[in-house]
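Report on the structure given below.
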Amino acid sequence: MSRSLTSISLAAFCGLALLSTMGCSDREDRARVAFDRYQSANVRGDLPEAKRALQSLVVIDDTNPEYWAELGRVSLQTGDIGEAYEGYLRAHELDRDNVSYLTLLTQLTLRSGNFTRAEQLARDLELLDPANATIPLTRGYSALRRGDLVEAQNQADLLREKAPLDPTGTVLQARIHLARGQGEDAIRVLNGSLSQQETDQLILQALSAIHVYREEWPQAAESAARLLVWRPQDLSVRGSLVEALLRAGRLPAAREATAAGLRTASPEQIGELLEPWMATGRTRDVTDLVLATAKARPGDARTELARFLALAGQARAVAELTQPDAALPPTAANLAANALYGGAIASLGDRRAGLDRLDSVLAVDPQQVDALRGRAQLRLAQAQHDLAIEDGRKLVAADRTDASARLLLSRLFLANNDLDNARRTLWDAFHDIPGDRMIFEALWQLLARTDGPQAAQRLTKEFRDQKDDEMSRSFV
């Protein structure tokens with residue numbers, strides 16, 4: 001727990017600027033409950049629950065920068081960079097003279113790839129703390145982005161001068177080596193700085209990113225495993241470990257790492273943890289583990305696990321998991337269960353009952369993604385191509401970040417012998433979801449077949465550029 005939160009007086013929840021006297025007691029009571037939840041979860045090391053409690057706390061009192069900053073800190077520990085950014089942004093807006101908040105906000109902005117905004121924040125930071133190491137860090141990465149290796153090296157030297165023990169200087173130097181085509185030198189610099197200390201986290205993160213970029217999967221798995229020791233509840237690190245293990249051919253270790261994560265993952269984290277199995281085409285090697293876990297986890301977690309099984313084509317398992325919760329008529333509380341169950345029984349042969357159930361879900365929520373996916377697949381099986389494509393388009397519109405939806409829509413176009421729209425769908429996905437290997441591989445195969453090897457080679461180069469940007473963000 002941060003020192004600032006341990007010293008909070010709960011009376012602050014009823015400050016005159018925030019609450020009227022009439023509403024103070026109720027607000028204070030709710031704040032006390034949320035704060036106690038946070039403390040209890042933090043003591044247990046239950047970071048997902050700690051984050052949920054802090055999310056409640058900032059709803060009750062959104063004017064206290066310390067609460068927002070703590071939400072940012074915990075979100076970083078769970079790998080939720082977007083929420084960490086939001087937390088530190090709100091903290092900075094409420095306390096613009098706090099150097100710590102602005103420093104972390106600048107680093108997160110840099111990590112997002114918004115170099116223009118990061119440089120502006122670095123200028124603001126320079127007014128408050130001219131010696132802050134984040135200033136040359138930001139300018140060094142911005143120079144790298146421009147291709148100015150001389151300026152990047154100058155900023156790296158300045159960073160090491162200002163903060164000789166700060167690992168960010170070492171990581172920036174490694175990134176400069178990579179820009180010069182000196183990959184082995186980058187790895188040597190990073191390995192030489194490992195010290196078995198907590199500061200190793202950024203170095204291990206950079207090492208893992210380099211090995212992933214170079215597709216050195218055994219080394220990527222080793223780095224991710226070492227990083228997981230320091231971040232045991234960071235599901236993004238665990239997901240990276242699982243993917244590296246799978247691509248390195250270490251199936252039992254990948255199953256073990258997945259099982260450990262599934263025991264504690266929140267419903268929102270389950271998809272990220274299981275995505276590597278989808279990306280590598282190894283879903284059948286983990287369905288037994290997912291099914292066993294789903295039977296032991298109720299509620300939204302079970303629904304998320306059933307959703308993975310549906311994407312993996314395990315209709316019988318999906319029907320078994322979702323039938324108890326799929327009461328009719330569908331309500332807001334059981335839409336996903338009804339949609340998944342409807343799609344499953346349709347796949348198992350009861351198409352009329354399955355379609356009726358999917359239609360009933362979409363009558364309540366026309367954008368329910370499980371129902372749209374299930375009905376599109378059912379219509380494809382019935383050769384109703386135009387209707388299937390209509391549902392596929394709606395599915396993509398409902399969640400433009402879902403790679404599986406884009407892939408399904410492209411398959412629907414291909415089934416209708418519409419190569420142009422299949423290609424366009426994959427190109428749009430390639431640019432909207434950069435660095436996604438499943439989309440790249442699908443588009444590469446299509447281009448190699450229809451446009452020739454040179455088109456596929458150009459795509460490979462563009463994908464490497466995307467992965468290079470992704471790797472750079474991992475260095476900050």
Side-chain angles (χ1 to χ4, degrees), residues 79 171 174-175 177-178 181-194 200-232 234-262 269 271-287 289-290 308 312 403-404 407 430 433-445 456-457 459-475:
V171 172
R175 185 65 186 83
H177 280 307
L178 285 175
Q182 302 164 344
E184 295 302 322
D185 288 337
I187 293 172
R188 176 183 52 76
V189 165
L190 293 170
N191 277 323
S193 297
L194 291 172
D200 283 355
Q201 291 183 60
L202 183 58
I203 294 172
L204 288 169
Q205 184 173 293
L207 273 172
S208 181
I210 291 174
H211 290 309
V212 169
Y213 178 74
R214 290 157 59 106
E215 299 187 1
E216 299 168 342
W217 300 113
Q219 296 91 328
E222 180 184 357
S223 297
R226 294 170 70 182
L227 182 57
L228 194 63
V229 172
W230 295 107
R231 302 182 191 172
D234 188 331
L235 267 293
S236 65
V237 175
R238 188 174 292 276
S240 297
L241 171 61
V242 171
E243 179 170 7
L245 289 169
L246 284 171
R247 295 191 183 279
R250 297 176 57 191
L251 179 61
R255 282 175 55 91
E256 182 180 346
T258 301
L262 287 178
Q269 294 171 321
E272 181 179 10
L273 182 59
L274 291 175
E275 192 276 337
W277 294 90
M278 195 72 65
T280 55
R282 303 297 297 270
T283 55
R284 292 184 182 277
D285 292 318
V286 76
T287 51
L289 175 61
V290 172
F308 170 83
S404 65
L407 293 169
F430 182 75
I433 315 173
D436 188 282
R437 194 174 294 272
M438 288 190 297
I439 290 172
F440 161 69
E441 290 173 351
L443 181 56
W444 190 96
Q445 290 171 6
Q457 288 171 4
L459 176 69
T460 299
K461 182 181 183 305
E462 190 170 348
F463 182 67
R464 296 289 289 175
D465 290 342
Q466 289 182 350
K467 299 302 288 184
D468 183 79
D469 286 343
E470 183 180 284
M471 177 180 63
S472 295
R473 290 193 295 273
S474 298
F475 274 48

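Values reported hereafter were calculated over all heavy atoms of this structure, with side chains retained and with hydrogens, waters and symmetry mates removed.
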For the student: nearest non-hydrogen atoms of I439 and L407, plus distance: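 Looking at all heavy atoms of both residues, the closest pair is CA-CD2, 4.2 Å.
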Non-hydrogen atoms of V171 and A206 that approach each other most closely: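 Nearest pair, atom of V171 first, then A206: CG1-CB, 3.9 Å.
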Heavy-atom count around [X] [atom1] within 6.0 Å, excluding the residue itself: above 12?
X	atom1	answer
W444	CH2	no
R464	CZ	yes
R250	CZ	no
Q182	CD	yes

Does the [X] side chain pair with the main chain of [Y], one donor and one acceptor, at a distance under 3.5 Å?
X	Y	answer
R231	S236	no
S208	L204	no
R238	L228	no

Using 0.5 Å steps for rounding, measure from the [atom1] atom of [X] to the [atom2] atom of [Y].
X	Y	atom1	atom2	result
D465	K467	CG	NZ	12.5 Å
E470	Q466	CD	CD	9.0 Å
L273	L262	CG	CG	5.0 Å
T280	M438	OG1	CE	9.5 Å
L190	H177	CG	NE2	9.0 Å
L251	T258	CG	OG1	9.5 Å

side-chain contact (heavy atoms from CB on, under 4.5 Å), paired with S223, selected from I203, N191, L207: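 Among I203, N191, L207, the one that satisfies the side-chain contact (heavy atoms from CB on, under 4.5 Å) with S223 is L207.
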side-chain hydrogen bond (donor to acceptor under 3.5 Å, both in side chains): pairs with one or both residues in residues 239-248, sequence neighbours excluded: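 side-chain hydrogen bond (donor to acceptor under 3.5 Å, both in side chains) check on residues 239-248 returns E243-R247.
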Pair R175 + D468: basic N to acidic O under 4.0 Å: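 Looking at D468 together with R175, the answer is yes, because their closest N to O distance falls below 4.0 Å.
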With a 4.5 Å heavy-atom cut-off, do [X] and [Y] have their side chains touching?
X	Y	value
V212	W217	yes
F463	L443	no
L227	L241	no

Parallel, tilted or perpendicular, as decided by the 30° and 60° cut-offs, for the rings of F440 and F430: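 Taking F440 first and then F430, their aromatic rings sit tilted (interplane angle of 30° to 60°).
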Under the salt bridge (charged side-chain N to carboxylate O under 4.0 Å, His left out) test, residues paired with E216 that sit two or more places apart: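 R214.
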